[in-house]
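Numbers restart at 1 for each chain; the letters A, B, ... are given by sequence-line order, proteins then strands.
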Protein chains: 2
Amino acid sequence: MNIGEVSERSGLPPKTIRYYEDINLVRPLRSDNGYRSFRESDIHKLAFLGRARALGFSIEDCRTLLSLYEDETRESAQVKAVAKEHLTEIDNKIAQLKSMRETLSHLIEACQGDHRPDCPILKGLSRGI
Amino acid sequence: MNIGEVSERSGLPPKTIRYYEDINLVRPLRSDNGYRSFRESDIHKLAFLGRARALGFSIEDCRTLLSLYEDETRESAQVKAVAKEHLTEIDNKIAQLKSMRETLSHLIEACQGDHRPDCPILKGLSRGI
DNA sequence: CTTGAGCTTCCAGTGGCTGGAAGCCTTATC
DNA sequence: GATAAGGCTTCCAGCCACTGGAAGCTCAAG
């Protein structure tokens, strides 16, 4: 199967699929004409990667998860550890964004948003919030 | 004032300050020895930038905010518009992270995390969540 | 005079793609 | 058989906002 169809079936752009080959996440075969030739197992891997990326896992996490997926002797504790660590990162990001949101929304509420130059947002940024 | 002291007083790393000069966010003077020579107003600007960045504004937003800050004829509505748009982006990011968190935490809860290979997290990633 | 800290510039790398150019391959149409 | 369109290939550059490191200059202390 050529890259175009694989792109449609996996939901990943062709550029991304080529990139994943570059960094050895997938290793499609090659046809005589030089085109990449994907097996069903490649598509399955790519879809796996797409879902893991959609959950925010880093590429290196994805590599780990994929190798665990293919390792019949894995222990689910290994997978769970990776996932838990990622969950913590997500929680940290959410907390950081919420804190930004808090400060920013206060400033926005305090600002009249009219034709006059006086602005609490700029004051907050210039004086320390 | 040299970059080291400015770094301490503004809370920004020297590398970042040099970068901000590169992209014309600040324009410190130069001493005869070639060293950057910062005025109080430069430090003020850098601290402003640090706070805006801490609120998650992009560099281009920061450039806009800084120019509004220095423009006496600004209308606070302009500032508020920039801030509101950024707030929306923050809200979108929070929503996306929460959705990831939701899915991921369900998978984690379902996983025993023991020595056996059976793992709902990997199943979820491979079959579609 | 030497040592060490602080400053300079420049280049490369981070993550995860994405855009674009130049050129080969395939398929359909004339 | 020529040609045009579309899909494929590689390679290089760029995105964002820095950050690390090398090579070399300047300055203050001992």
(message) Quick check on dT9(D): is either OP1 or OP2 less than 4.0 Å from any side-chain nitrogen or oxygen of Arg18(A)?
(response) yes
(message) Just N and O in the side chain of Arg30(B): are any of them under 4.0 Å from OP1 or OP2 of dT9(C)?
(response) yes
(message) If the threshold is 4.0 Å, N to carboxylate O, is there a salt bridge linking Lys45(A) and Asp42(A)?
(response) no
(request) Please report the shortest heavy-atom distance between Leu55(A) and Ile90(A), naming the atom on each side. (result) O-CD1, 3.9 Å
(request) Would you please confirm or rule out a distance under 4.0 Å between OP1 or OP2 of dT9(D) and any side-chain N or O of Arg36(A)? (result) yes
(request) Specify the separation, in whole Å, of atom CG of Leu49(A) and atom P of dG16(C). (result) 12 Å
(message) Counting only heavy atoms from other residues, nucleotides and ligands, does the tally under 6.0 Å from CZ of Arg27(B) exceed 12?
(response) no
(message) Under 4.0 Å, heavy atoms only, any strand: does Tyr20(A) hit a base, just the sugar-phosphate, or nothing?
(response) sugar-phosphate
Show the atom names and distances, to 0.1 Å, of all donor-acceptor pairs under 3.5 Å that link a side chain in residues 104-114 of chain B to residues at least two apart or in another chain.
from      : atom 1 : to        : atom 2 : distance (Å)
Ser105(B) : OG     : Arg101(B) : O      : 2.9
Ser105(B) : OG     : Glu102(B) : O      : 3.0
His106(B) : NE2    : Glu102(B) : OE2    : 3.3
Asp114(B) : OD1    : Ser76(A)  : OG     : 3.2
Asp114(B) : OD1    : Arg116(B) : N      : 2.9
Asp114(B) : OD2    : Arg116(B) : NE     : 3.0
Asp114(B) : OD2    : Arg116(B) : NH2    : 2.6

(message) What is the distance, to the nearest angstrom, from the CG atom on Asp61(B) to the P atom on dA17(D)?
(response) 9 Å
(request) For dC16(D), take OP1 and OP2 only and decide whether either is under 4.0 Å from a side-chain N or O of Arg53(B). (result) no
(message) Strictly below 4.0 Å, N to O, side chains only: are Arg30(B) and Glu21(B) in salt-bridge contact?
(response) yes
(message) Which is more 5' along DNA chain D, the nucleotide nearest Ile59(B) or the one nearest Glu5(A)? Just name the residue.
(response) Glu5(A)
(request) Give the B/S/- string for nucleotides 18-25 of chain C, one per nucleotide from 5' to 3', where a protein heavy atom under 4.0 Å of the base yields B, of only the sugar-phosphate yields S, and otherwise -. (result) SBB----B
(request) Starting from C1' on dT9(D), measure out to CD on Glu21(A) and report it in whole angstrom. (result) 11 Å
(message) Quick test of your reading of the model: are Glu40(B) and Arg9(B) salt-bridged, counting only N-O distances below 4.0 Å?
(response) yes
